[in-house]
Amino acid sequence: MTTDEKKASPKRPKKAPIVVGVVAAILVVAGAGMWVWHEQPSFCGAICHVPMDPYLDTYDAEPGQAAADKWGNDVADAMAMTAAAHRVDAGATCLSCHTPVLAEQVSEGVNWVSGNYEVVLNDTYDGVLLERGAADLTEASGKASDELCLNEACHAMTRDELAEQTADRAFNPHVVQHDKLDCTTCHKAHRASVYYCTKCHAEAADELPEGWLTMKEAGQLEATA
């Protein structure tokens, strides 16, 4: 090949920038897919929380049908578990209630890898994560416990407005007559909800929603957990 022919030959494009671009594109797509998946209940059960398998089962339970709670107890109607009820009624996912604050998720990930998390340990319920209340679920976001449920995305109302909606009940569970209780005192996500009024008023059991438990029945479950 002559000198002139060498000068006329087109330069071959460098492969390195192309490879880098392809790899970067793959990483972006994979990252976006992972981010979407991390918001799904299947992610929680598959990646981080092996003890959360029973919780995922309660989420997938069908309202109107019998089911089992996170501890394996029978639940007459899965509608009594708000995880299942909210999945059907509102398309809720784990992060609808478990505040999606990045710092908390990173902290939980570190705790999971290190094994630094609290579980119920006994012969019946070995390795089940401890129950969290409304204040626990809103702590990372700095919100008040009421805001777990009473917010624009979920139940956009005040406590007084909520009490008005159940004013026709013989025992209005949303009226602050004794103590101001968190929503999670009665409404349980991964086990049958509990009618707190039955703690003092046995006749309140006549208004027990399908699948719900009286305080006495709930206490018997907790005694073995």
Side-chain angles (χ1 to χ4, degrees), residues 32-102 104-105 108-109 112 119-120 125 127-141 143 145-157 162 165-166 173-174 181-196 208-213 217-218 221-222 225:
M34 177 64 74
W35 185 259
V36 171
W37 185 37
H38 108 284
E39 296 181 347
Q40 306 305 313
S42 58
F43 176 89
C44 299
I47 299 299
C48 296
H49 304 296
V50 173
M52 277 191 67
D53 288 346
Y55 296 74
L56 187 57
D57 290 340
T58 63
Y59 173 84
D60 289 330
E62 288 298 328
Q65 299 180 15
D69 69 9
K70 62 184 178 181
W71 295 326
N73 298 293
D74 292 333
V75 178
D77 186 342
M79 180 61 82
M81 298 187 291
T82 57
H86 286 12
R87 171 182 62 83
V88 173
D89 292 344
T93 67
C94 299
L95 297 187
S96 297
C97 295
H98 297 272
T99 312
V101 176
L102 183 59
E104 183 182 36
Q105 292 180 339
E108 288 178 348
W112 173 252
V119 296
V120 175
Y125 307 118
V128 179
L129 295 171
L130 295 181
E131 191 165 68
R132 304 177 71 189
D136 299 314
L137 294 171
T138 59
E139 182 179 11
S141 64
K143 297 179 180 179
S145 59
D146 273 5
E147 294 180 82
L148 176 67
C149 303
L150 303 180
N151 59 70
E152 292 184 0
C154 300
H155 303 282
M157 63 183 72
L162 180 61
Q165 290 197 0
T166 51
H174 299 121
L181 305 174
D182 283 342
C183 300
T184 52
T185 301
C186 293
H187 298 275
K188 305 298 183 182
H190 300 285
R191 62 182 174 100
S193 293
V194 184
Y195 199 18
Y196 188 79
L208 206 64
E210 186 65 31
W212 282 48
L213 302 176
E217 292 169 335
L221 295 182
E222 293 173 349

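Bear in mind that the values here come from a model prediction, so they are computed numbers and not experimental data.
The ring-ring contact (aromatic ring centres under 6.0 Å, His included) check on His86 picks up nothing, with sequence neighbours excluded. Residues passing the side chain to side chain donor-acceptor pair (under 3.5 Å) test with Asp77, sequence neighbours excluded: none. Under the side chain to side chain donor-acceptor pair (under 3.5 Å) criterion, Thr166 pairs with Asn172, His174, sequence neighbours left out. Remark: Cys186 engages Tyr196, Trp212 in a side chain to side chain contact (heavy atoms under 4.5 Å, CB included) (not counting sequence neighbours). Partners of Thr58 according to the side chain to side chain donor-acceptor pair (under 3.5 Å) rule, which considers only residues two or more places apart in sequence or in another chain, are His190. Not counting sequence neighbours, the partners of Glu147 by the side chain to side chain contact (heavy atoms under 4.5 Å, CB included) test are Lys143, Ala144. In this view, Thr138 satisfies the side chain to side chain donor-acceptor pair (under 3.5 Å) rule with no residue, not counting sequence neighbours. A search for side chain to side chain contact (heavy atoms under 4.5 Å, CB included) contacts involving Ala140 returns Val101, Glu104, not counting sequence neighbours. Partners of Asn151 according to the side chain to side chain contact (heavy atoms under 4.5 Å, CB included) rule, which considers only residues two or more places apart in sequence or in another chain, are Ala153, Cys154.
Nearest heavy-atom pair, Ala192 versus Gly211, reported as atom, atom and distance to 0.1 Å: CB-O, 3.4 Å. Here the closest non-hydrogen pair linking Asp182 and Ser145 is OD1-OG, 2.9 Å. Minimum heavy-atom separation, Ala67 to Met81: CB-CE, 4.0 Å.
Of the possible polar contacts, none joining the Tyr59 side chain to the Ala189 backbone as a donor-acceptor pair under 3.5 Å is found. Counting only distance, with no hydrogens or angles, the side chain of Thr82 and the backbone of Lys188 share a donor-acceptor pair below 3.5 Å.
Distance check, rounded to the nearest 0.5 Å: CG of Leu221 to CG of Asn73 gives 4.5 Å. Within the model, atoms OH of Tyr55 and CG of Asp69 stand 9.5 Å from one another, a figure rounded to the nearest 0.5 Å. Expressed to the nearest 0.5 Å, how far CD of Glu210 lies from OG of Ser193 amounts to 12.5 Å. In this structure, CD on Glu217 lies 7.0 Å from CG on Leu208, to the nearest 0.5 angstrom. Separating the CG atom in Leu162 from the NE2 atom in His155 is a distance of 8.5 Å, to the nearest 0.5 Å. Here Arg132 contributes atom CZ and Thr184 contributes atom OG1; the two are 11.0 Å apart, rounded to the nearest 0.5 Å.
Listed by first then second residue, pairs satisfying salt bridge (Lys or Arg N to Asp or Glu O under 4.0 Å) with a partner in residues 85-99 read Glu62-Arg87, not counting sequence neighbours.
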